[in-house]
Each structure stands twice: as structure tokens, then as C-alpha cells.
Amino acid sequence: MQAAAVRSEGLVIPLIDFSKFLNGNPEQRRETANAILHGFQTAGFIYLKGLPITSEYRKHIFETSAKYFRLPDETKLSHCWTTPQANRGYSAPGREKTTSLTDPEAVKKLRDAVPDLKESLEIGREGEPDHPNHWPEEEGELVGFKEIMLDFHTKCKDLHMEVMRAIAVGLGIDETWFDNYTDAGDNTLRLLHYPEVKKDVFAINPGQVRAGAHSDYGSITLLFQDARGGLQVQSPTGAFIDATPIEDTCVVNAGDLLARWSNDNIKSTVHRVVEPPSGDGDVYPARYSIAYFCNPNFKSYIEAIPGTYVAEDDRKYQGINSGQYLVQRLATTY
Ligand code: FYU
Ligand code: NI
């Protein structure tokens with residue numbers, strides 16, 4: 001039986017060894033692909049282990065990320081996030097409010113009442129003339145920052161392509177079917193810091209969270225989390241269930257555009273970040289995580305994947321341009 005990372009209230013999130021897809025024999029590849037697709041069709045979430053990312057490398061990325069957030073506020077604000085089209089740069093606590101709401105007034109009200117308790121730096125594909133990344137000065141602790149983050153961006157881009165290949169195998173279409181949709185690397189690396197916070201902030205404000213309930217926008221998200229905890233995934237009963245960190249794994253979830261692309265064959269599941277299960281004294285310690293938001297190439301036109309519908313009128317959605325879709329989604333939360 002497939003190992004589970006989470007099993008509660010009808011939510012079963014499988015724990016899958018991805019090295020069996022990357023390096024296994026044809027049968028292992030097929031079985032692993034099927035397990036991955038099944039996880040996305042049921043929970044919308046999977047945990048992957050056996051990734052081509054060593055724990056030393058991962059530790060280095062997290063340490064480098066923490067160094068960034070130790071910069072003075074005014075320095076970070078000089079890298080600030082500007083527009084949904086660029087989707088790059090620094091967002092101070094309170095800037096973005098993740099939510100399922102779409103009405104701008106309602107989002108504003110929610111943001112003012114219970115701002116998300118996080119700060120982030122978004123790093124996009126390097127070399128886009130209209131949308132440069134906002135890099136910190138390479139001095140002091142941050143020497144080498146750009147190089148390591150771009151290297152990680154590339155590793156995650158490759159991982160996106162491999163996970164989409166696994167989905168293709170699971171769906172029974174050509175293994176490389178998605179390659180032309182994933183090779184541009186129009187993805188966003190987001191470094192996240194949830195600062196240490198007094199416990200009574202959560203007690204005083206009902207509805208206070210570190211990141212509001214939402215589903216992701218693109219194809220898939222690769223989430224690397226530290227050992228702190230706080231990520232929760234919504235179960236079929238509506239309850240939010242802890243997606244407890246497991247060392248050297250990556251949590252992967254399907255986004256809304258992949259759900260739409262697959263004619264709702266794959267699920268994009270709501271999740272949020274709340275205070276961790278524990279903490280010393282009267283504070284919850286800081287949490288660091290790194291999300292890599294993957295998107296189909298921005299120039300791609302996204303309409304139902306072959307095999308996810310039979311008759312023409314089984315198609316539930318209009319085709320849509322990937323880049324336009326993302327911009328429209330980002331415009332509601334900032
Ligand atoms: N930013 N994609 C997402 C997201 C934020 O899915 C992105 O680029 C969700 O919080
Ligand atoms: Ni998310």
C-alpha cells in the first residue's frame with residue numbers, strides 16, 4: 001500500500017519516492033506516475049521524497065533566505081514588489097492577503113482586519129528585459145545570493161517538468177506532452193518568512209492566520225518547509241488538517257490552472273498557514289518556507305488536455321492564455 005504523509009477526515013496525502021520515477025525501471029516509473037496522478041486527483045496534494053536536492057543544498061538555500069530577511073526594513077523595501085505583470089520583489093507584512101475572495105473591497109477589508117503575518121521575496125525567470133528581478137546588494141552575508149537562488153530556480157524548473165511528465169504518464173498521454181508548456185520556466189520562486197509572533201495575537205483576533213485560506217493559481221507548487229509546522233490542507237469534510245513537515249520532502253500541490261486544464265480531473269485544494277502546534281513561552285517561533293509557483297509558459301493557450309474529455313461538450317472551460325490568467329489572479333490579492 002502507498003505510504004501516507006497525512007490521513008485524516010477523508011484527506012489522504014500520499015508520500016511518494018520520486019527517485020523511482022526519475023531513475024526506476026519502466027514498471028517503477030509507471031507505478032510512481034500513477035500514484036502521483038492519484039494523489040492529485042484525490043487530495044490535490046502529495047509529498048515527494050527522493051528528490052535530486054540534497055539536504056545540504058536545501059539547508060544552504062534556507063540559510064541564505066534567512067540572511068535576506070535579516071536585512072533592514074528600508075533595504076528590503078527598496079526591492080519592493082510592484083505589479084502583477086512583474087510579480088517580482090519584496091512584499092512586507094500586510095502587503096498580500098491570500099484569500100479565496102475575489103471582490104477587491106472584501107479583500108481589502110479582510111486584509112485590514114487580519115493581515116497575513118508574513119514577508120516574502122519573489123524571484124522570477126532571470127533575463128526578462130521588461131521585468132528584472134530585484135536583487136539585494138552582494139555584500140556581507142549576501143555575497144552569492146543571486147547565484148544560489150538562480151541555481152535553485154533552475155533545479156525547481158527541472159523538477160516541475162519531471163512532475164508534469166509523471167502526470168502525463170499517469171494520464172496515458174505522451175510522456176513529453178507537457179514539455180512545450182513547461183520549458184520556458186515562467187515560474188516564481190518565493191522565499192517566505194513568518195516572523196516570530198506573540199501567542200495572544202491569535203487569541204485576540206479571531207480569524208488571525210499566518211497566511212489566509214486559498215488555492216494556488218498555476219500548474220503546481222513545490223513547497224519546501226522547515227520543521228515548524230502550521231500548513232493546513234482542507235479535507236473533503238471542510239476541516240483544516242495539519243500537513244506536518246517531514247524532513248527532506250517537498251509538498252507538491254496542484255493549482256487552479258492545472259485543475260482547469262485537466263477539466264477538473266485534478267484537484268486544486270484550499271490550504272492556509274496558521275500558528276504552529278507548539279511554541280515556548282508566550283511566542284510562536286519564526287517559520288521559514290520556500291514556495292516555487294509553477295505556471296504553464298506564459299504564452300501558452302490552456303484548454304482541456306487530451307484524454308480528460310470525450311465529447312466536445314464535456315469540456316467545462318473556455319481556453320485561456322496562461323500569462324493573462326496569472327496576472328488576473330495576482331491582481332485580486334495585492
Ligand atoms: N503567487 N502563484 C500562486 C500564489 C501566489 O499560486 C503566485 O505566483 C498563491 O499564493
Ligand atoms: Ni498556496
Side-chain angles (χ1 to χ4, degrees), residues 5-11 13 43-45 47 58-59 61-63 65-66 68-70 73 76 90-101 106-122 190-216 221-253 269-293 333-334:
V6 174
R7 186 189 295 276
S8 181
E9 299 264 342
L11 178 74
I13 305 183
F45 271 76
Y47 281 57
R58 183 183 171 121
K59 195 162 157 245
I61 296 285
F62 270 82
E63 282 168 2
S65 169
Y68 177 80
F69 292 112
R70 283 202 289 272
D73 287 346
K76 288 183 283 189
Y90 172 73
S91 301
R95 177 82 199 266
E96 184 209 30
K97 177 71 197 175
T98 53
T99 171
S100 304
L101 298 173
V107 175
K108 182 176 181 306
K109 260 193 172 159
L110 188 68
R111 179 191 290 118
D112 292 348
V114 279
D116 282 355
L117 302 175
K118 61 175 167 36
E119 55 177 343
S120 67
L121 179 70
E122 323 278 294
R190 173 186 275 185
L191 310 180
L192 276 151
H193 173 219
Y194 302 85
E196 174 183 287
V197 55
K198 285 231 174 71
K199 286 185 178 172
D200 55 15
V201 168
F202 294 91
I204 293 163
N205 279 332
Q208 181 64 61
V209 289
R210 274 181 155 168
H214 67 282
S215 51
D216 288 352
T221 301
L222 312 174
L223 179 74
F224 301 85
Q225 44 175 354
D226 67 12
R228 209 63 75 188
L231 174 68
Q232 295 186 324
V233 178
Q234 197 167 34
S235 76
T237 64
F240 279 94
I241 308 298
D242 289 330
T244 303
I246 302 177
E247 210 177 315
D248 283 324
T249 66
C250 170
V251 175
V252 187
N253 61 294
T269 304
V270 170
H271 52 282
R272 66 181 187 184
V273 180
V274 297
E275 67 274 27
S278 65
D280 300 332
D282 58 359
V283 297
Y284 292 112
R287 172 181 194 251
Y288 291 87
S289 71
I290 301 178
Y292 187 79
F293 299 116
T333 49
Y334 280 89

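We're numbering straight along the sequence, starting at 1. The basis for the numbers below is simple: all heavy atoms, side chains too, and nothing from hydrogens, waters or symmetry mates.
The nearest pair of heavy atoms linking P276 to G229 is CB-O, 3.8 Å. For the residue pair A286 and D226, the shortest heavy atom distance occurs at O-OD2, 4.3 Å. A pairwise comparison of heavy atoms in H214 and S100 identifies CA-OG, 3.8 Å as the closest pair.
Rounding to the nearest 0.5 angstrom, the gap separating the CD1 atom in I290 from the OG atom in S120 is 12.0 Å. Taken to the nearest 0.5 Å, the CZ atom of R70 stands 10.5 Å off from the NZ atom of K76. Atom CZ of R7 is separated from atom OG of S235 by 14.0 Å, given to the nearest 0.5 angstrom. Taking CZ of F293 as the start and CG of L222 as the end, the distance is 10.0 Å to the nearest 0.5 Å. To the nearest 0.5 Å, atom CG of residue L110 and atom NZ of residue K108 are 11.5 Å apart. Summarising the geometry, atom CD belonging to Q225 is positioned 9.5 Å from atom OH belonging to Y194; distances are rounded to the nearest 0.5 Å.
Counting only heavy atoms from C-beta outward, the side chains of K118 and R287 never approach each other to under 4.5 Å. Looking only at side-chain heavy atoms (C-beta outward), L191 and Y288 stay at 4.5 Å or farther from each other. The closest side-chain heavy-atom distance from H271 to F45 is below 4.5 Å. In this structure, the side chains of T333 and K97 stay at 4.5 Å or more apart for every pair of heavy atoms. Looking at P93 and L117, their side chains never come closer than 4.5 Å, going by heavy atoms from C-beta outward. Within the 4.5 Å cutoff, side-chain heavy atoms of V6 are placed close to those of I241. Under the 4.5 Å side-chain criterion, counting only non-hydrogen atoms from C-beta, N253 is not in contact with T269. In this structure, S91 and Y334 have side chains that are in contact, with non-hydrogen atoms separated by less than 4.5 Å.
Listed by first then second residue, pairs satisfying salt bridge (charged side-chain N to carboxylate O under 4.0 Å, His left out) with a partner in residues 190-207 read E96-R190, E122-R190, not counting sequence neighbours.
Below 30°, between 30° and 60°, or above 60°: for F69 and Y90 the angle between ring planes is between 30° and 60°, a tilted geometry.
Residues meeting the side-chain hydrogen bond (donor to acceptor under 3.5 Å, both in side chains) test with S215, sequence neighbours left out: D256.
With hydrogens and angles left out, the side-chain atoms of R272 and Q234 include no donor and acceptor closer than 3.5 Å. There is a side-chain donor-acceptor pair under 3.5 Å between D116 and T98.
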Residues R58, D248; criterion side-chain contact (heavy atoms from CB on, under 4.5 Å); working and verdict: CA-CA 8 Å; R58 183 183 171 121; D248 283 324; 3.9 Å; yes
Would you please test H193 and L121 for side-chain contact (heavy atoms from CB on, under 4.5 Å) and show each step? CA-CA 9 Å; H193 173 219; L121 179 70; over 6 Å; no
Take F62 and F224 through the test side-chain contact (heavy atoms from CB on, under 4.5 Å) and record every step on the way to the result. CA-CA 9 Å; F62 270 82; F224 301 85; 4.0 Å; yes
Quick one: side chains of residues 202-212, donor-acceptor pairs under 3.5 Å with protein atoms, not counting sequence neighbours, listed by atom name and distance.
| unit_1 | atom_1 | unit_2 | atom_2 | d |
| --- | --- | --- | --- | --- |
| Q208 | NE2 | P115 | O | 3.1 |
| R210 | NH2 | P195 | O | 3.0 |
| R210 | NH2 | P285 | O | 2.9 |

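Without hydrogens or angle criteria, D242 side chain to T244 main chain gives no donor-acceptor distance under 3.5 Å.
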